[in-house]
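Input: a single structure, listed below in structure tokens.
Computed from a prediction, not measured in an experiment: that's the story for all the values here. Residue numbers begin at 1 in each chain, while the letters A, B, ... track the order of the sequences.
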Protein chains: 2
Amino acid sequence: MARSGSRPSSGPPTLADVAERAGVSRQTVSNAVNNPDLLRADTLARVQTAITELGYLPNRAARSLRTRTSHLIGLRIQPAQEGTANATMDRFVHSLVETSKEAGYHVLLFTGDPADPLAGYDDLLRSTAVDAFVVTDTYLGNPQAGWLDQRRAPFVAFGRPWEATHGAHAWVDVDGAAGVALATQHLLDKGHTRVAWIGWRKDSPIGEDRRSGWVRAMHERGLPTTGLASRVEDTVVSGRSAAEVLLDEAEPTAFVCASDTLAVGVLHALHERGLRAGDDVAVVGFDDSQVAQVVRPGLSSVRQPLEQVAVEIVATLEGLLSHPPVPQAHGVLLEPTLEVRDSSGPVRG
Amino acid sequence: MARSGSRPSSGPPTLADVAERAGVSRQTVSNAVNNPDLLRADTLARVQTAITELGYLPNRAARSLRTRTSHLIGLRIQPAQEGTANATMDRFVHSLVETSKEAGYHVLLFTGDPADPLAGYDDLLRSTAVDAFVVTDTYLGNPQAGWLDQRRAPFVAFGRPWEATHGAHAWVDVDGAAGVALATQHLLDKGHTRVAWIGWRKDSPIGEDRRSGWVRAMHERGLPTTGLASRVEDTVVSGRSAAEVLLDEAEPTAFVCASDTLAVGVLHALHERGLRAGDDVAVVGFDDSQVAQVVRPGLSSVRQPLEQVAVEIVATLEGLLSHPPVPQAHGVLLEPTLEVRDSSGPVRG
DNA sequence: GTGAAAGCGCTAACAT
DNA sequence: ATGTTAGCGCTTTCAC
């Protein structure tokens, strides 16, 4: 590993250093690294020895300049939302970094002015800093996908394109409706019939999608949904207020929520009334956040397979970036799972 | 912004494109970007117009190759710990990305095999992929700092060097002892006298530091600490067990914990006994996690000024990376604050 | 104040 | 199977 005294001392070893030490040309060293098959076995061995002895690793800037690829993936992160239980993004970032590494990519983070969704993308693109982007917030009206498409920038979205207007791009998403249906069926199986829904406002397609899972599961069992649903802001207090109204007006015995944040609000409302979550009224959240994992009673929650999302995204990215580009599956929809904890309680008669 | 048809069509515009359009040499364009002072006002204006029209931005690979700086900062992230309330790292990442951006740096993420703390650093260093690192886990016996020092790799640690063995490097940290003292004083001011401590095992210097804040605050008021402390693993169940033992054996009226995770365990123990957190027994955690913010009752917690930590780290980094390097302050210690919520309850007689 | 020449470290294309 | 040539886009000398 240590540098031997062959060179003056400036910086890491280069191709030329390895070539000199191995007694071959620079190109042969390059081939040893990138196309080992081209070398004779003994030459390859000699070069590899020199590489190891010198601790050589190709200079990324030089390689990028030549190959026009940075092996960097750009990911825009938003400031964390405090006062909520939302944690999807952070878990996803970890998964993406892990998976990218295996594919030879690193993740470059950038922010994030919520008012200007395009900020950051443009600069990185024009300076050829990244090979591709992972776009995470494909909410309705978000111009990123269309804009990137138009710039012919390779990208994969975590989230379906909810608008039909733009040409379809590659995406990976989790089937929120299926997750909520899973949660609802779980409650119905336990004997509940009046299962309420607390979700987000109607302009959130993700929220509407999740809601549809609840509707579907209820209707499949011939149960009514009228008066059992509420659409609010994604905050704890909104969840709590919504739960109070529903408890007064519709007497549900169980709640399914679009987020853990809302579900925590429901837990608060129940406690306020002396009702025991899990025993008296069941609650299921969405995201399997740290909060769901540590509150008492444990909050049952729909868990997104973020590791798998990352794997699919990176696989899609690799196809997009390969030469020639491999045509990618239009989109990949993954199934979430249900983490059952005490808040959805014991089996009921 | 749009490309005009001056060039065949391949990729983003280069210096040469701008030079041609502005009717100057490539070098003059480079100067316009990097040393505007050298140009005559009218030339500068002409060049800048061409830059804007073409949407030119310097190619990062080329610039990196030439200047031997990538303007990238490496940050190693660990897989998130599920089942805990720990969230310091994620909040810090956001802050670091924001602050780095203002200084012209981007953050490059890498993992993270817990068994091999050096993994990742070496490759990025040898391939000159990053200019510097931010090292976050400076626990006792962590070889990263010493190793990076030896490699002459620029880095700043978030966390003090707890070992005296290695030469001192630049660091930024939060005064955990001061934070815990703050929490303890807050409880003492409310009339508590038997304030218990639940912290981490003795081999955690961070834990011992935080504990010392509790000891100091208690002794300052002439109060005993004997029998009031417990050292356990950082899990909810450990916090709960520790609380149960302390409640049985020492009858504390308040708890200060080394983490929100432990504090949540205390909340569970109290509930189990029909005791009301905040009313009957006060609890304060550490980290101001999402969990602290949404549980009921709201968990009072020590909050680390992570935005400020990021600012100090980036400032130190800039000094380290400037030419010639500006000698950096040995270390910067920042004061946490206390977020008071219902778990530390109303004023007591 | 501006331009010309050189070269950072690497790899693609060609020659041997 | 290996070596030679050229050039990616930029900035750092050094002339003018």
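Using a 4.0 Å heavy-atom cutoff across all strands shown, B:Arg68 reaches sugar-phosphate atoms only and no base atom.
The minimum heavy-atom distance between B:Leu108 and A:His106, with the atom names listed, is CD1-CB, 3.3 Å. Here the closest non-hydrogen pair linking A:Val314 and A:Ala103 is CG1-CB, 3.6 Å.
In the helix from C:dG1-D:dC16 to C:dT16-D:dA1, the rotation axis of the first five pairs and that of the last five pairs differ in direction by 40°, rounded to 10 degrees.
The listed nucleotides are D:dC10, C:dT11, D:dG3; the one nearest the side chain of A:Thr28 is D:dG3. Of the candidates C:dG3, D:dT12, C:dG9, the closest approach to any side-chain atom of B:Ser25 belongs to C:dG3. With C:dC8, D:dT4, C:dG3 as the choices, the nucleotide that has an atom nearest any side-chain atom of A:Gln27 turns out to be D:dT4.
For the pair B:Arg46 CZ and C:dG3 C1', the interatomic distance rounds to 14 Å; values are reported in whole Å. Regarding A:Asn59, its CG atom lies at a distance of 14 Å from the C1' atom of C:dG7, rounded to whole Å. Per the geometry, CZ belonging to A:Arg26 stands 10 Å off P belonging to C:dG9, to the nearest Å. Atom CZ of A:Arg60 and atom C1' of C:dC8 are 17 Å apart (whole Å). Distance B:Leu15 CG to D:dT11 P: 6 Å, rounded to the nearest Å.
The pair A:Asp131-A:Arg68 fails the salt-bridge criterion, with no side-chain N (NZ, NE, NH1 or NH2) lying under 4.0 Å from an Asp/Glu carboxylate O. Using a 4.0 Å cut-off between charged side-chain N and carboxylate O, B:Arg151 and B:Asp122 make a salt bridge.
Taking side-chain N and O atoms only, A:Arg66 has no distance below 4.0 Å to OP1 or OP2 of C:dA12. At least one side-chain nitrogen or oxygen of B:Arg63 sits closer than 4.0 Å to the OP1 or OP2 atom of D:dT11. In terms of phosphate contacts, B:Ser30 brings a side-chain nitrogen or oxygen within less than 4.0 Å of OP1 or OP2 of D:dT11.
Side-chain polar atoms of A:Ser25 and A:Thr28 form a donor-acceptor pair below 3.5 angstrom.
For B:Phe155 and B:Tyr121, the distance between ring centers is not under 6.0 angstrom.
With A:Pro36 as the fixed residue, the side-chain contact (heavy atoms from CB on, under 4.5 Å) test singles out one of A:Val47, A:Asn31, A:Leu44: A:Leu44.
Taking CD1 from A:Ile313 and CG from A:Leu306, the interatomic distance works out to 9.5 Å, rounded to the nearest 0.5 Å.
Ring-plane geometry between B:Phe92 and B:Phe158 is classed as tilted, the angle between the planes lying from 30 to 60 degrees on a 0 to 90 degree scale.
Residues from residues 31-44 of chain A that place a heavy atom under 4.0 Å from any atom of DNA chain C, listed by number: A:Asn34.
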